[in-house]
2 protein chains.
Amino acid sequence: MREQATSGEHALRTRDRILSIAARLFSERGYEHTPISKVAREAGVSKALVLWHFDSKEKLFRAALGRTLEPYFIDVEELEGLDEVAQIERLVDLFYEFVRDNVYSVRFLLTLMVRGERNPAEISERVRDLYRVFRSLLADVIESGRQRGTLRPDVNPPLDAGLILASLDGVLIEQFMNHERDPSELLAYLKQTFVQRLIA
Amino acid sequence: MREQATSGEHALRTRDRILSIAARLFSERGYEHTPISKVAREAGVSKALVLWHFDSKEKLFRAALGRTLEPYFIDVEELEGLDEVAQIERLVDLFYEFVRDNVYSVRFLLTLMVRGERNPAEISERVRDLYRVFRSLLADVIESGRQRGTLRPDVNPPLDAGLILASLDGVLIEQFMNHERDPSELLAYLKQTFVQRLIA
DNA sequence: GTCTATATACAGATAGAC
DNA sequence: GTCTATCTGTATATAGAC
């Protein structure tokens with residue numbers, strides 16, 4: 001990161017445009033199939049400028065990943081005022097909506113994690129964190145339902161949460177493998193099945 | 001594919017060695033990170049010879065994928081003589097054992113399918129086929145259990161099979177994302193949960 | 001069949017002018 | 001900041017001797 005001397009604003013916009021385009025291209029085509037020259041061409045600048053801003057392709061990649069991860073969070077406030085069953089159903093829907101709205105980057109990060117290649121420790125940690133947050137959120141809801149008696153007394157919050165999350169991941173990758181199939185039926189069945197299992 | 005003129009046997013062995021090594025390297029490191037030079041070095045031959053045998057890297061890749069897929073099948077005979085619940089549990093175990101014994105290529109194919117990149121139609125069709133076979137095998141077992149009264153009368157064979165398979169896939173990718181965690185606990189819970197749900 | 005030597009292309013990165 | 005021109009490495013692939 002250099003100084004932004006005189007015409008700083010314009011430079012920021014250029015830098016930003018490069019970053020957006022890089023994030024999109026890396027997501028769509030992966031690191032190996034995204035030469036700097038293509039990023040530069042689509043941004044309407046020279047290769048040299050891209051490298052002037054980001055020093056190396058590796059650093060550009062990391063910066064782009066940061067941007068890709070920006071919209072990744074869970075809005076807990078959505079759950080307020082719902083009973084446990086409705087909260088679980090809402091969490092399942094939130095998961096699916098999130099994936100639907102971020103197909104490219106989810107696909108991209110999934111590939112990164114699965115292949116275990118070129119994922120800086122920070123990135124995999126971040127993804128694992130999100131995973132853990134979602135899982136323990138689910139587990140907390142289940143535990144709360146157990147204590148309040150809206151769910152069965154013999155539920156196992158961490159394992160039930162893990163199983164629900166695993167099913168969601170499975171629906172997700174089946175979706176990536178098999179584009180034509182509509183997942184909503186399976187998703188509805190998933191909710192119904194797990195809710196039935198968890199209630200008394 | 002050329003003629004094997006005089007010293008045909010030796011050539012076959014060399015060609016075969018190249019193919020095995022290529023299959024392993026592609027699985028472990030992916031297409032982009034496996035230069036022909038590395039295949040050649042590990043096989044103890046020259047780059048030129050690798051290309052003489054397979055014409056291009058692309059064709060070498062396809063030949064290697066064929067070999068990678070060879071051990072992919074389901075041994076249905078394993079299920080004979082078991083009741084439906086035991087068959088379901090056995091199928092779950094078979095899935096996991098298969099993945100454990102073929103980590104590299106499963107990881108590799110999963111990446112290919114998820115990214116949707118460089119997968120010749122034949123390959124993705126083959127993988128989808130295996131998926132469908134496993135799913136309809138599960139569905140058939142569930143349907144048979146429904147008819148024989150060992151499972152609940154209101155099970156939904158295709159959807160229940162889909163859900164079990166999705167859970168398995170989810171456990172699988174969680175495993176790929178999170179190497180240190182032992183999946184056997186979650187897997188046992190998965191079996192227990194679905195069996196409980198399916199029996200009368 | 002198998003080699004060495006080479007052609008060709010394209011990637012990431014640098015130098016230096018403006 | 002941004003460009004053009006160039007360096008350097010490495011990849012696939014070919015030519016031709018043995």
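Just so it is clear, the structure is predicted and the values come from calculations on it, not from any experiment. In what follows, chains are A, B, ... by sequence order, proteins preceding strands, each numbered from 1.
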Margin query: Whole angstroms only, please: what is the NZ-P distance between B:Lys57 and D:dA11?
Written below: 9 Å

Next item on the list: Check the distance between D:dG1's C1' and A:Ile18's CD1 and give it to me in whole angstrom.
Entry: 10 Å

Item checked: Nearest-angstrom distance from the residue atom CZ of A:Arg17 to C1' of D:dG1 -> 12 Å

Margin query: Could you walk me through whether B:Leu65 and B:Leu109 satisfy the side-chain contact (heavy atoms from CB on, under 4.5 Å) test, starting with their C-alpha distance in whole Å, then the side-chain angles of each, then the deciding distance to 0.1 Å, before giving a yes or no?
Written below: CA-CA 9 Å; B:Leu65 263 188; B:Leu109 289 171; 4.0 Å; yes

Note to self: Is it the case that the ring center of B:Phe108 lies less than 6.0 angstrom away from the ring center of B:Phe26?
What the structure shows: no

Note to self: I need the CZ-C1' distance between B:Arg41 and D:dT10, as an integer number of Å.
What the structure shows: 12 Å

Notebook entry, point to check: Taking NZ, NE, NH1 and NH2 as the nitrogens, is one of them in A:Glu97 or A:Arg100 under 4.0 Å from a carboxylate oxygen of the other?
Noted result: no

Item checked: Closest listed nucleotide, where the reference is the side chain of B:Ile36 and the choices are C:dA13, D:dA11, D:dA13 -> D:dA13

Checklist line | Of the listed nucleotides D:dA15, C:dT14, D:dA13, the one nearest the side chain of B:Ala48 | finding: D:dA15

Next item on the list: Look at the side chain of A:Trp52 and decide which nucleotide, out of D:dC3, D:dA11, D:dG1, has an atom nearest to it.
Entry: D:dG1

Notebook entry, point to check: Has A:Glu70 got more than 12 heavy atoms of other residues, nucleotides or ligands less than 6.0 Å from its CD?
Noted result: yes

Note to self: Between P on D:dA11 and NZ on B:Lys47, what's the gap in Å once rounded to a whole number?
What the structure shows: 8 Å

Item checked: Any A:Thr14 side-chain N or O less than 4.0 Å from OP1/OP2 of D:dT2 -> yes

Next item on the list: State which of D:dT4, D:dG1, C:dA11 makes the closest approach to the side chain of A:His53.
Entry: D:dG1

Next item on the list: Taking only the side-chain heavy atoms of B:Val45 (C-beta and beyond), determine which of C:dA13, D:dT12, C:dC3 contains the nearest atom.
Entry: C:dC3

Item checked: Closest to side chain of A:Leu49, choosing from D:dT12, D:dT2, C:dA11 -> D:dT2

Note to self: Of the listed nucleotides (D:dC3, C:dC3, D:dG1), which one gets closest to any side-chain atom of A:Ser46?
What the structure shows: D:dC3

Next item on the list: Verify the distance criterion only: is there a donor paired with an acceptor across the side chains of A:Thr111 and B:Thr111 at less than 3.5 Å?
Entry: no

Note to self: Expressed as a whole number of angstroms, how long is the span from B:Arg15:CZ to C:dT2:P?
What the structure shows: 12 Å

Checklist line | Separation of atom CG in B:Leu51 from atom C1' in C:dT4, rounded to whole Å | finding: 14 Å

Next item on the list: Starting at atom CD of B:Glu58, determine the distance to atom P of D:dA11, rounded to an integer number of angstrom.
Entry: 17 Å

